[in-house]
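Worth knowing before you read on, the calculation uses all heavy atoms, side chains too, and leaves out hydrogens, waters and symmetry mates. In each ligand, atom 1 is the first atom listed, and ligand 1 is the first ligand listed. Each residue takes its place number in the sequence, starting with 1.
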Amino acid sequence: MRYILLLGPPGSGKGTQVELLKKEGFKVLITGDILRNEIEKNSLLGERIKRIVNKGELVPDDLIVELMETIIKEDTSSDKDIIIDGYPRTVGQVEGFLKNHSDEKIIAVYLKVDKDILKKRLTGRRVCPVCKRVYHIEYNPPKNDMKCDVCNEPLIIRKDDEPEVIENRLSVYDKQTQPIVELFENKGLLRVIDAQRTISEIFTDIKEILM
Ligand code: AMP
């Protein structure tokens with residue numbers, strides 16, 4: 001059993017690839033969705049998380065590490081690889097993760113994309129409020145009328161995909177997340193994928209790594 005950590009800036013296509021992997025039967029954990037579920041519960045914790053996520057900031061490391069490690073532990077009952085989107089996301093989270101899992105079980109897959117392309121991708125992103133499937137108005141539109149292909153629900157813009165929040169998320173990424181790419185590279189655990197190609201080309205590369 002291995003941990004496949006998907007790394008990359010907001011808009012690098014992690015969510016899209018994770019959806020495809022899920023469809024093919026891979027086991028995936030999506031940190032953003034786990035947090036959004038917590039928000040929907042309207043719990044005290046959910047309220048606290050909502051205020052942070054809506055600004056494009058990161059939820060504190062201790063909270064995320066505890067939440068994610070609990071979920072990962074529940075999931076390690078089988079021998080299947082686990083693909084994780086969105087965790088770890090800071091140097092502190094990597095330290096928390098490495099305390100619990102050994103290096104030989106880890107592959108960090110970095111989806112590399114230039115910044116100008118990221119902004120274009122993020123402003124066109126739409127999601128289904130019911131099944132959370134991710135679309136793009138230009139690159140990956142739904143079959144009809146801005147409605148989800150599966151649920152037929154009108155697609156929405158995520159609160160944190162609004163323009164000023166996007167700017168903040170990209171700068172938070174540069175400061176807090178990009179350093180972990182180097183950290184995994186120095187440990188010899190990093191695989192880099194050119195994520196400026198088509199969705200299916202990127203998917204093929206990821207699956208090759210998973211073989
Ligand atoms: P995502 O859907 O992965 O872009 O995540 C949406 C938001 O959830 C981020 O902008 C953060 O506010 C929060 N978030 C997701 N993953 C983490 C993490 N590992 N650490 C802290 N905050 C996170």
Per-atom contacts of ligand 1 with Arg158, taking only distances under 4.0 Å to non-hydrogen atoms: 1 (P), 2 (O), 4 (O), 6 (C)
Sub-4.0 Å atoms of ligand 1 with respect to non-hydrogen atoms of Gly86: 16 (N), 17 (C), 18 (C), 19 (N)
Atoms in ligand 1 flagged as close to Glu57, the criterion being non-hydrogen separation under 4.0 Å: 11 (C), 12 (O)
Ion pair check, Glu24 and Lys207, cut-off under 4.0 Å: yes
Pairs satisfying salt bridge (Lys or Arg N to Asp or Glu O under 4.0 Å), at least one member in residues 117-129, at least two apart: Lys119-Glu167, Lys120-Glu138, Arg125-Asp161
Proximity to ligand 1 by part of Lys14, non-hydrogen separation under 4.0 Å: neither
Distance filter under 4.0 Å to Gln93 heavy atoms, resulting ligand 1 atoms: 18 (C), 19 (N), 20 (N), 21 (C)
Glu66 CD: over 12 foreign heavy atoms closer than 6.0 Å: no
Ligand 1-proximal atoms of Met68, by part, heavy-atom distance under 4.0 Å: neither
Contact (N/O only, under 3.5 Å) between Thr31 and ligand 1: no
Heavy atoms from other residues, nucleotides or ligands near CZ of Arg191 exceed 12 (cutoff 6.0 Å): no
Presence of salt bridge, Arg197 and Asp205, under 4.0 angstrom: yes
Residues Lys115 and Asp174 bridged, charged N to O under 4.0 Å: yes
For Arg36, atoms of ligand 1 separated by under 4.0 Å from a heavy atom: 2 (O), 6 (C)
Winner among Gln176, Lys132, Lys159, Arg89 once heavy atoms are compared against atom 1 (P) of ligand 1: Arg89
salt_bridge(Glu40, Lys132) N-O dist < 4.0 Å: yes
Part of Leu35 within contact of ligand 1 (heavy atoms, under 4.0 Å): side chain
Which segment of Ile64 sits under 4.0 Å of ligand 1 when only heavy atoms are counted: side chain
Ile52 N/O to ligand 1 N/O under 3.5 Å: no
Residue, atom name and distance, where the atom is the protein heavy atom closest to atom 7 (C) of ligand 1: Val53 CG1, 3.9 Å
Near-ring test Phe184/Tyr110, centroid separation under 6.0 angstrom: no
Part of Asp160 with heavy atoms under 4.0 Å of ligand 1, whether side chain, backbone, both or neither: side chain
Protein contact of atom 22 (N) of ligand 1 - nearest heavy atom, named by residue and atom, plus distance: Val59 N, 3.1 Å
No-hydrogen, no-angle side-chain donor-acceptor test under 3.5 Å, Thr16 and Glu19: no
Pair Lys112 + Asp194, salt bridge at N-O below 4.0 Å: no
Contacting atoms of ligand 1, where contact means under 4.0 angstrom from a heavy atom of Gly32: 2 (O), 5 (O)
